[in-house]
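To start, the structure under review is shown below, and the notes come after it.
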Amino acid sequence: MKITRVEPIHLRLPEVTERCDGSQETLIVRVHTDADIIGIGEVDSSSLVAKAIIEAPLSHKICRGLADCVLGQDPFEIDRLIHRMYEGTIYFGRQGAVIQAMSGVEIALWDIVGKATGRPVYQLLGGGFRKKFRAYASILFGDTPAETERIGRELVQQGFRAVKFGWGPMGKSEESDLAHVRAARQGLGKDVDLMVDAGLCWDTATAIRRAKQFEPFNLTWLEEPLHPDNLQGYARLSTKSPIRIAAGEEICDIKEFQQMMDVGGIDVVQVDVTRVGGLAPAKRIGWDSYERHRLCVNHSYKTGVNIAASLHFLAALPNSHYFEYCVEQGALRQSLTKQRLPVVDGEIAVLEEPGLGVELDEKVVEKYRVN
């Protein structure tokens, strides 16, 4: 079997705002083979930038597009193709958007291999440690504390037993920060897990103060309170916080994850398979976190493709039991894949079909495709 085509597909809603909702647009990657098996993947990046990285023509040996790196190659040789993509883009890559773009191609390769062998991807990754995860509804804070409380109450009524609020008004003031977290807890009640994503909004001293102020609200973790480059700040915060500190979604590099754990001291390692280069690098980061006795969770704020790939990733780890489940209502998040991937009794199950286990709804693709 040989790869015959790499097809990046940019999808975008008619209106995209500054609201931190990554499901407003996305880049889907289809990898075609001469065996008529097509794999799909997804990229969480600046979609046009990632599309250009995939489609770029050969400039010289170490400066070429990702498609040029894999065309004519055997899709089963995933590790070798990861290496070819990394080395083929080393002149302008190594981190950031290039690694993110690699994710879409790499995930599609796993989908191909799964379909060709009749096995779900988590089995190919050596997984099956856990088949169900507690899905936490992931949503932005409301514009007001009253709206935050209402959102929390509605999510509990929908059956969620864990909810994460993030970004939005967080960081405006001490009074506002406390009011929103208090409202979130009031809306959820005392028995539902509450996570808070601060959205990189504080300096180190403020983050330490907030962590202590949030303690009465019984947070499961406090996420990304600091800029990802602030390793020393994370080290100070992790030492002084009474709440577990989570981070990682902004990071694409394996060594950066190791530093965030070893220097920054984070307790919860958040890995996005559509940002770190795909499933194989994600698995390596996950096992690095296991060896350091940390909890590993997915970051997922895209479409059903990301959700499916993330389920397979987490199933292949022994140190994960939460699953980030984006509840945004945009059309790409809710209807891009034919499979809806529901949460039942607060849990989401790993897919058992060959490959990723999801198919694109071509009507949705054509409706939102940017040509």
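Basis for what follows: all heavy atoms, side chains included, without hydrogens, waters or symmetry-related copies. Keep in mind that what you see is a predicted model, and the values were worked out from it rather than measured.
Here the OG1-CD distance, from Thr148 to Gln186, works out to 11.0 Å after rounding to the nearest 0.5 Å. The line from CZ of Arg292 to CE of Met261 is 4.5 Å long, rounded to the nearest 0.5 Å. Atom OG in Ser310 sits 12.5 Å away from atom NZ in Lys302 (nearest 0.5 Å). One finds the CD1 atom of Ile90 at 11.5 Å from the NZ atom of Lys61 (value rounded to the nearest 0.5 Å). For the atom pair Thr204 OG1 and Asn230 CG, the distance stands at 4.0 Å (nearest 0.5 Å).
Atom CZ of Arg84 sits in a crowded spot, with more than 12 heavy atoms from other residues, nucleotides or ligands closer than 6.0 Å. For His60, the NE2 atom sits in a packed shell: over 12 heavy atoms of surrounding residues, nucleotides or ligands are nearer than 6.0 Å. The local environment of OH in Tyr91 is sparse, with at most 12 non-hydrogen atoms from other residues, nucleotides or ligands closer than 6.0 Å. The 12-atom threshold is not exceeded at CZ of Arg119, counting heavy atoms of other residues, nucleotides or ligands nearer than 6.0 Å. Enclosure of atom CD in Glu77 by more than 12 non-hydrogen atoms of other residues, nucleotides or ligands within 6.0 angstrom is indicated. Heavy-atom neighbours of Tyr290 OH from other residues, nucleotides or ligands within 6.0 Å: at or below the threshold of 12. The neighbour count for Glu291 CD, taken as heavy atoms of other residues, nucleotides or ligands under 6.0 Å away, is above 12. Other residues, nucleotides and ligands contribute more than 12 heavy atoms inside 6.0 Å of the CG atom of Asp229.
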Trace of the salt bridge (charged side-chain N to carboxylate O under 4.0 Å, His left out) decision for Arg182 with Glu149 = CA-CA 8 Å; Arg182 183 181 298 111; Glu149 182 175 347; over 6 Å; no
inquiry  = Go through it in stages, so that I can follow the logic: the residues are Met170 and Asp177, the test is side chain to side chain contact (heavy atoms under 4.5 Å, CB included), and I'd like the CA-CA distance, side-chain angles, deciding distance and then a yes or no.
reply    = CA-CA 6 Å; Met170 191 58 49; Asp177 291 348; 3.3 Å; yes
ask   = Which is it for Gln339 and Glu353 under the side chain to side chain contact (heavy atoms under 4.5 Å, CB included) test, yes or no, and what are the steps along the way?
value = CA-CA 11 Å; Gln339 296 76 13; Glu353 292 75 18; over 6 Å; no
task = Starting from the C-alpha separation in whole Å, work towards a yes-or-no answer on side chain to side chain contact (heavy atoms under 4.5 Å, CB included) for Met102 and Arg275.
result = CA-CA 8 Å; Met102 283 174 56; Arg275 293 182 179 182; over 6 Å; no
request  = Begin with the C-alpha distance, continue with both residues' side-chain angles, and end with the deciding distance and a verdict on salt bridge (charged side-chain N to carboxylate O under 4.0 Å, His left out) for Asp21 and Arg19.
outcome  = CA-CA 6 Å; Asp21 171 11; Arg19 186 173 182 269; 3.7 Å; yes
query = Does the pair Tyr301 and Glu328 meet the rule for a side chain to side chain donor-acceptor pair (under 3.5 Å), with working shown?
reply = CA-CA 8 Å; Tyr301 220 80; Glu328 296 288 349; 2.6 Å; yes
request  = Applying side chain to side chain contact (heavy atoms under 4.5 Å, CB included), run through Asp288 and Gln258 and close with a yes or a no.
outcome  = CA-CA 7 Å; Asp288 283 346; Gln258 293 170 343; 3.1 Å; yes
inquiry  = Between Gln73 and Arg80, does the side chain to side chain donor-acceptor pair (under 3.5 Å) criterion hold? Intermediate values first, please.
reply    = CA-CA 10 Å; Gln73 301 296 313; Arg80 189 176 69 84; 2.5 Å; yes
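Geometrically, Arg333 engages Tyr325 in a cation-pi contact, judged by NZ or CZ lying under 6.0 Å from the ring centre and within 45° of the ring axis.
Contact between Ser138 and Glu324 at its shortest, heavy atoms only, is OG-OE2, 2.6 Å. In plain terms, the two heavy atoms of Trp110 and Ala280 that are nearest each other are NE1-N, 4.0 Å. Of all the heavy atoms in Tyr234 and Pro228, the pair that sits closest is CE1-CA, 4.4 Å. Nearest approach of Ala308 to Leu356, heavy atoms of both residues: CB-O, 3.9 Å. Scanning all heavy atoms of the two residues, the minimum distance from Trp287 to Ala316 falls at NE1-O, 3.4 Å. Between Ile53 and Ala101 the shortest heavy-atom distance is CG2-CB, 3.9 Å.
No donor-acceptor pair closer than 3.5 Å links the side chain of Ser335 to the backbone N or O of Leu332. Remark: the backbone N or O of Ala331 is not paired with any side-chain donor or acceptor of Gln334 at under 3.5 angstrom. A distance-only check finds no donor-acceptor pair linking the side chain of Arg64 to the backbone of Thr89 [under 3.5 Å]. Formation of a donor-acceptor pair under 3.5 Å by the Lys131 side chain with backbone atoms of Glu352 is not found in this model. Put simply, the side chain of Glu223 never gets that close to the backbone of Ile245: no donor and acceptor are under 3.5 Å apart. Proximity of a side-chain donor or acceptor of Thr206 to a complementary backbone N or O of Trp202 within less than 3.5 Å is not detected. Between the side chain of Asp345 and the backbone N or O of Glu347 there is no donor-acceptor pair closer than 3.5 Å. With His32 contributing its side chain and Arg5 its backbone, the two residues share no donor-acceptor pair below 3.5 Å. Within the 3.5 Å criterion, the main-chain N or O of Ser47 finds no donor-acceptor partner in the side chain of Ser45. Checking side-chain atoms of Thr26 against main-chain N and O of Gly22 turns up no donor-acceptor pair under 3.5 Å.
Just one residue in the list Lys338, Lys367, Arg30, Arg369 forms a salt bridge (charged side-chain N to carboxylate O under 4.0 Å, His left out) with Glu362, and that residue is Arg30. Exactly one of Asp197, Asp272, Asp44 qualifies for a side chain to side chain donor-acceptor pair (under 3.5 Å) with His299. That residue is Asp272.
Proximity of Asn298 to Val273: side-chain heavy atoms (C-beta onward) are nowhere separated by under 4.5 Å. In this structure, Leu314 and Tyr322 have side chains that are not in contact, with every pair of non-hydrogen atoms separated by 4.5 Å or more. Looking at heavy atoms from C-beta onward, Ile107 lies in side-chain contact with Thr274 at the 4.5 angstrom threshold. Residues Lys164 and Ile139 fail the side-chain proximity criterion, which asks for heavy atoms closer than 4.5 Å. By the 4.5 Å heavy-atom criterion applied to side chains, Arg244 and Leu295 are counted as neighbours. Side-chain contact between Arg94 and Tyr86 is present, with heavy atoms from C-beta onward closer than 4.5 Å. Looking at heavy atoms from C-beta onward, Thr220 lies out of side-chain contact with Leu194 at the 4.5 angstrom threshold. Within the 4.5 Å cutoff, side-chain heavy atoms of Pro225 are placed close to those of Leu237.
A salt bridge links Glu147 with Arg150: the closest approach of a Lys/Arg side-chain nitrogen to an acidic carboxylate oxygen falls below 4.0 angstrom.
For Phe133 and His321, the distance between ring centers is not under 6.0 angstrom. Ring centroid separation for the pair Tyr136 and Trp221 comes in under the 6.0 Å cut-off.
Each ring-ring contact (aromatic ring centres under 6.0 Å, His included) pair with one or both residues in residues 245-268, not counting sequence neighbours, would appear here, but there are none.
Residues Val327 and Val305 fall within the same hydrophobic cluster, defined by Ile, Leu, Val, Met, Phe, Trp and Tyr side chains chained together at heavy-atom separations under 4.5 Å.
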